[in-house]
Protein chains: 2
Amino acid sequence: MQTTDKPTTRYTHRHERAVAAAAAIFADKGYHGASTRDIAEKLGIQQGSLYYYFKSKEAALEEVCLTALRDYVSHIESIASQPGKLEVKLQAAIAAHLATYKHNNEAMKVHNEQRLYLPKDRRKHLNALGSRYRQQLEGIFCEGVSTGQLRRDLDCHFTALSLIGLCNYWGIQLLRSAPLKTEDVTEKCVDILLHGCLARKAGIPDTDTQTDTQVN
Amino acid sequence: MQTTDKPTTRYTHRHERAVAAAAAIFADKGYHGASTRDIAEKLGIQQGSLYYYFKSKEAALEEVCLTALRDYVSHIESIASQPGKLEVKLQAAIAAHLATYKHNNEAMKVHNEQRLYLPKDRRKHLNALGSRYRQQLEGIFCEGVSTGQLRRDLDCHFTALSLIGLCNYWGIQLLRSAPLKTEDVTEKCVDILLHGCLARKAGIPDTDTQTDTQVN
DNA sequence: TATAGAATCTATAGGTTTATAGAAAAAAGC
DNA sequence: GCTTTTTTCTATAAACCTATAGATTCTATA
């Protein structure tokens, strides 16, 4: 009990691997379509042994969703709290969102697609984290409006949600089609969100946005 | 066998009801989370009787997805083929997409979230319809570019996909939170997609878009 | 009202699933 | 090296699920 660290470390490590395996399987087959045997197999252990790490299959799903959200939320909070120009912040927020998909892809996918299969009370914690994310993002837009960088009539709530929808969509696409590059998608999302699609009527070089280069 | 119509009608009608029930249950519990007993119960028949209408559970999923897409695709094709100003077309496309969610909500949700659980060869037909939808939408954007209404550097492919992502997101939201009105969401989607968020630098009354009224 | 065909029911085979309990093996501590 | 704790294994109970087969009831028509 001196090095109360070593055994804890060992368990922690194995536990993490178990969560990752669950994430991969749930992402692939869906919560109900996946069996505990599938997850165990991926870990190279027997089905029954899985219950050393998870109290139940449902608990495994909850853990997977939580690991996805933790990074995600802490990231946006650090971005939102730092001072800086709006466009830079927004770019950072989108890049972070997509990067989370790139690195933590299975867990994010599971959170988005399978979370509703958790009973309501198990989702409370997840909802709280999700709200925090949304608020931070909304805050970035509101700040942009009050500093005059964004349109005064912008609906920040609607815009924040739309951005989340957009990022989730492209996050999934990034997983599915390999040739897609995160940076390109980020840039394009920023561009379309800020400038829209309409032809600009004349010399509107705007702030200092370089005219967007065609990527793909 | 003279009135080969009546009995066919009867079967057709019942069959449609069965597809609708399957859609509702799949939307709620997911394909794997739903049992054939659940669907039968919703229809008020016994589990085994369901196989009079579906060859298998998988076939039921396929049918649900197909019914969702059929309306959806035929709608966009009629919109895209008619001549008219780009902004009007775009508005119509978004409105149609969201309206499909409103009316055919369960089937659309199932198509989006559960379709990948079908084996690849059963998805062929769905993919073809999906591609058609995407192409029509992309065509609307391309046309806008070539007529000078949209930015010349617009990536039409990227934009079309983004719009699909956006509409799917808001389509789901429309289901979940009742107070949301389809028309408001449509208008806001059009607005943000066309104009973006940035403050416009001065007198840019643009074509003839009324300055967007704050809705919510 | 008798009959053919459509629609539904009952019962069940054969398989899979989650979760638990107790034995066995592996690792850590002294 | 011996003991304790951690980790994994085996076996199994209890439930559930899909799909089928054959019996039964309903419906429409002649």
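Each chain gets a letter, A, B and so on, in the order the sequences are listed, and its residues count up from 1.
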Sorted by number, the residues of residues 55-67 of chain A with heavy-atom contact under 4.0 Å to DNA chain D: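 The answer is none.
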Those residues of residues 21-37 of chain B lying under 4.0 Å from DNA chain D by at least one heavy atom: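 Close to the strand are A34(B), S35(B), T36(B).
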Short side-chain N/O contact from R14(B) to OP1 or OP2 of dT8(C), under 4.0 Å: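 For R14(B), the contact criterion (side-chain N or O under 4.0 Å from OP1 or OP2 of dT8(C)) is met.
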Touch class at under 4.0 angstrom, heavy-atom based, for Y53(A) against every strand present: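 Result for Y53(A) = sugar-phosphate.
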Under the ring-ring contact (aromatic ring centres under 6.0 Å, His included) test, residues paired with H32(A) that sit two or more places apart: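 For H32(A), the residues satisfying ring-ring contact (aromatic ring centres under 6.0 Å, His included) (neighbours in sequence not counted) are Y117(A).
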Residues in ring-ring contact (aromatic ring centres under 6.0 Å, His included) contact with Y133(A), at least two apart in sequence or another chain: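 Y133(A): ring-ring contact (aromatic ring centres under 6.0 Å, His included) contacts with Y72(A), H97(A).
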Give the rounded distance in Å between these two atoms: [atom1] of [X] and [atom2] of [N].
X      : N       : atom1 : atom2 : result
Y52(A) : dA26(C) : OH    : C1'   : 12 Å
R10(B) : dT29(D) : CZ    : C1'   : 14 Å
L50(A) : dT17(C) : CG    : C1'   : 13 Å
R17(A) : dT7(D)  : CZ    : C1'   : 13 Å

Rounded to 10 degrees, the angle between the two terminal axes of the helix from dT1(C)-dA30(D) to dC30(C)-dG1(D), each from five pairs: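 Here the helix ends are tilted 20° relative to one another.
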D191(B) bridged to R151(A) by N-O distance under 4.0 Å: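 A salt bridge links D191(B) with R151(A).
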Can you tell me if [X] and [Y] form a side-chain donor-acceptor pair at under 3.5 Å?
X       : Y       : result
H125(B) : E62(B)  : no
H75(B)  : D71(B)  : no
W170(A) : S162(B) : yes

Candidates dC9(C), dA19(C), dA27(C) - which lies nearest the side chain of Y51(A):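 So the side chain of Y51(A) is nearest to dA19(C).
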Each nucleotide N or O in nucleotides 10-15 of chain C that has a protein N or O under 3.5 Å away: list the pair and distance.
{"unit_1": "dT10(C)", "atom_1": "OP2", "unit_2": "Q46(B)", "atom_2": "NE2", "d": "3.3"}

